[in-house]
Peer 1: 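Below is one structure. I have some questions about it.
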Amino acid sequence: MDYIKTEKKWRAAWARNKDLSFDPKSKAEKFYMLEMFSYPSAANLHLGHWYNYGLSDSYARFKKMNGYNVFQPMGFDAFGLPAENYAIRTGIHPMDSTRANIAKMRVQLKNMGAMFDWKYGVVTCDPDYYKWTQWLFLQLYKKGLAYQKDAAVNWCSGCNTVIANEQVADGVCERCSSPVIRKNMKQWFFKITDYAGELLSDLEGLDWPEKTKLMQKNWIGRSSGGEIIFTTASGESFPVFTTRADTLFGVSYVVLAPEHPLTDKLTVPACRAAVRAYQADAARVSELDRLSSVKEKTGVFTGAYALNPANGERVPVYTADYVLYTYGTGAVMGVPAHDERDFAFALKYGLPVKRVINPPDGALSELPCTSDGILTESGVYSGLTSEDARARILDRLAADGTGGHKTNYRLRDWSISRQRYWGCPIPIIHCGHCGAVPVPEEQLPITLPYDVNFTPDGQSPLLRHAGYIDTTCPVCGGPAKRDADTLDTFVCSSWYYLRYPDNKNKKAAFSKKKIDAMLPVDKYVGGAEHACMHLLYARFFTKALRDLGYLSFGEPFKSLLHQGMILGVDGFKMSKNRGNVANPDTYVSKFGSDALRLYLAFGFNYTDGGPWSDDGIKSIVKFLDRVERVAVKFLDAGDTGDGYGAAEKELDYALNYAIGAVTRDTEAFSFNTSIARLMELLNAVNKYENAPAVNAGFTRGVITDMLRLLAPYAPHFSEELFARYGAKKSVFLSGYPKVDKAKLVRDETEYAVQINSKLKARLTVPSSADNAEIERLALSDERIAPLFEGRSVKKVIIIPKRLINILV
RNA sequence: GCCGAAGUGGCGGAAUGGCAGACGCAAAGGACUUAAAAUCCUUCGGGGGCAACUUCGUACCGGUUCGAGUCCGGUCUUCGGCACCA
């Protein structure tokens, strides 16, 4: 078969007939199949796209054949830094390059032969789309979930912009690997921390990879403990956060973060110079430097003392950068005997180390001892276990008004301001009079101007565009300025799955009725690298929009799966530098898109991925050729024979076994074993050719079912042969084969026979035999009996349809 | 350092606690052919044996079990995530 020509023909037919498209009027159960949309980069579709989209489409087609009304849209995550950086390099405007790339990718994606519902597409840089991104921002703003604060942000020195915590890896920018420094700027944030508890607890009910759930769990980082208020002689008081309230009697100092407002206030004149110098140092130190000095603890004494509310003891107040202002209360109590960091700090500054916890086994271990134990030297709490003491001490403090139980999260609010051009404009106007004022909704969208000089100079490019930036205040009518920043692209991608089903809506981001009918997404497939970013943000958006009344569900993605990564032939990640990049186009133009898709399905465990192989794809072409040969042969065979004997029964068994296995494995995204079972079925058909009296009509039925099973994996190929077999409508509308259980019953069953758990023989027994009968047959078998002759049989273990173990 | 996942032939990879290596690739031998390609058949974890067969084998050490690639404890290696989170 001329694969290239055939594929082209069927793609045209599918596009014409639209039989396979999502039908909003259909009564069939909906199935929302979603793949993470793609970034329109200048390069062609790579194997990763094929692996993700091609095989997700196979799953979607499988669902379609099983009677679902499948909704499988595709769109483009079109804003973002790469297009802007490309523009800075080449002078080609991001709008133009992005448009061109999208056009190119659409063609490539269509040639893949996936049944994407293109008319539901979204492009995040279209004003039709980002109008609603802005609108959503305003809803969150009104609800107090978007706010501005002066914050130490991650500033990438390479990209000249603020980046999110999630985009910092080992102190450098995830994108360009330049050092990330800390810088104070007025930034917009989403209050994702308001949802920390729910984001954590709702993970439990999700059909997601355990690993991904765990990553989110750790990222959210719940820790329960308490706040304890220390008071200074001057009457100032501040809470510290601790998970170890049981060690309260061992406190020998307290520490405030250098950025803590009380640090300045508490510092006595004699210490002021040293503290100021230390604060200045700490502010200059980048995240990278902080990381590299993990071991070395530094800090300075403020000259102030604070009272321990438990025992009235007076302890010195230090400031040190090992205390993070952004976590907890920005202040901690120092318990050198029972915390590694405090121990190092105390050692360096000569502070007392007081043991207040004895190990439960009584043996005094070396300090610091960070595990739970029995309290000692702790007043009335001495003798209690750590666990009891924590509860009792915090209860007491709560009663006294000097503390109480408290849960903290590692998760921080989501920084969304970007000092970049190519993003969604922030719909806020800054007025000297009225402050930050939201743009009235009827003025949306605030369109991103085209004629902007976006060469980076550390400031937002939009700031230089007077026509954009200068405006009037919607409240007082006075002169005002638009917010010059753009939104993090993760904001755009946090709700695209909500827009797909209602993408033409001019009056609203989406209609609640439509979305409630279509969501949550039934199966979401995409890269694992989004575990703590996109997947967390999207969940936050869904919950926030639910609370705003726009949705009736709180989790967007019911079931999630990550495809693995296709590596270069050498086993390394594909990269131009290594020269190990395999280009899908090469194979598509040579063997067709079905062959590529089928090889991707067969050659890897889907969630693992693995190294690419040229030989592998050739073997798949061979498989398709063999299917075609046998199909054509029986098609031409006429009506020879109509008997149904042992050979036919055997082939029927193979067919029904394959139907069961392929159905199960496809449902589980175990594509490689699905294809393996199909190959076995093909081998069975080939073997049947040698049967004494070949029943061609019967075999054609088997082949028809085989084509149905193969169709999701090789759509064009199967459609072609299915048509040649006389079908009037698409194989994808022909239903999915069902297992005929009766055909799976065999007259005889083969058992493995073990003597004392060692495999010794095989035994065929009638399938109808019960355990007693099987035991009798095994023990009396003329080949088996001699194997344990002279020894007495103690026990016989029979595992149905598998194994007989004779213990002697 | 902490958390997690993985480790099976020459290779990609299979195995609800029950015949390890399905399916395929590569390789070797053979058939067809003037020849090649394509196709078809056979062999294909290691050792021993002419053979029927036997023995070892799923990173390593131990345990549970009639039976362990699979469960439990420990070690090593690789990969992923987090990393002063009080």
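All chains are named by letter (A, B, ...) in the order of the sequence lines, taking the proteins before the strands, and each is independently numbered beginning at 1.
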Peer 1: From the options B/A14, B/C23, B/A86, select the nucleotide whose nearest atom is closest to the side chain of A/E680.
Peer 2: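 Nearest to the side chain of A/E680 among the choices is B/C23.
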
Peer 1: May I ask you to decide whether A/K213 forms a salt bridge with A/E210, counting only side-chain N to carboxylate O separations under 4.0 Å?
Peer 2: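 Yes, charged N to carboxylate O under 4.0 Å.
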
Peer 1: Is there a donor and acceptor pair closer than 3.5 Å between the side chain of A/K297 and the base of B/C84?
Peer 2: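 Donor-acceptor pair under 3.5 Å: yes.
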
Peer 1: Please verify the inter-ring angle class for A/Y3 with A/F717; under 30° counts as parallel, over 60° as perpendicular, anything in between as tilted.
Peer 2: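 Taking A/F717 first and then A/Y3, their aromatic rings sit tilted (interplane angle of 30° to 60°).
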
Peer 1: Is B/G9 in the syn range, within 90° of 0, or in the anti range?
Peer 2: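 What B/G9 shows is a syn base, its glycosidic angle lying within 90° of 0.
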
Peer 1: Check whether the side chain of A/N805 and the base of B/C66 form a donor-acceptor pair under 3.5 Å.
Peer 2: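 Yes, a donor-acceptor pair under 3.5 Å.
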
Peer 1: For B/G1, which nucleotide in any strand shown is its Watson-Crick or wobble partner with both distances under 3.5 Å?
Peer 2: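 Pair assignment: B/G1 / B/C82.
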
Peer 1: Hey, is the main chain of A/P352 close enough, under 3.5 Å, to the side chain of A/S252 for a donor-acceptor pair?
Peer 2: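 Flag set: sc A/S252 to bb A/P352 pair under 3.5 Å.
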
Peer 1: Check for a donor-acceptor pair, side chain of A/Y657 on one end and backbone N or O of A/R677 on the other, with a separation under 3.5 Å.
Peer 2: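 Not a single qualifying donor-acceptor pair exists.
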
Peer 1: Within the structure, does a side-chain N or O atom of A/N218 lie under 4.0 Å from either OP1 or OP2 of B/C2?
Peer 2: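 So the side chain of A/N218 is outside the cut-off, no N or O lying under 4.0 Å from OP1 or OP2 of B/C2.
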
Peer 1: Side-chain N or O of A/N756 less than 4.0 angstrom from OP1 or OP2 on B/G67?
Peer 2: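 Indeed not, no polar side-chain atom of A/N756 lies that close.
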
Peer 1: Would you call the rings of A/Y599 and A/W612 parallel, tilted or perpendicular, where under 30° means parallel and over 60° means perpendicular?
Peer 2: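 Rings of A/Y599 and A/W612: perpendicular, over 60°.
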
Peer 1: By nearest nucleotide on RNA chain B, pick out whichever of A/K760 and A/G610 is the more 5' one.
Peer 2: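 It is A/G610 whose nearest nucleotide is closer to the 5' end.
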
Peer 1: Regarding A/W50 and A/Y587, do their side chains bring together a donor and an acceptor under 3.5 Å, going by distance alone?
Peer 2: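 No, no side-chain donor-acceptor contact under 3.5 Å.
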
Peer 1: For a quick test of reading the model: is some side-chain N or O of A/N686 closer than 4.0 Å to OP1 or OP2 of B/C40?
Peer 2: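 So the side chain of A/N686 is outside the cut-off, no N or O lying under 4.0 Å from OP1 or OP2 of B/C40.
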
Peer 1: Just the rounded figure in Å: distance from P of B/A86 to CZ of A/F343.
Peer 2: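 About 20 Å, once rounded to whole Å.
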
Peer 1: Quick one, give me the B/S/- string for nucleotides 41-49 of chain B, reading 5' to 3', where B means a protein heavy atom under 4.0 Å from the base and S means that only happens at the primed atoms, P, OP1 or OP2.
Peer 2: ---------

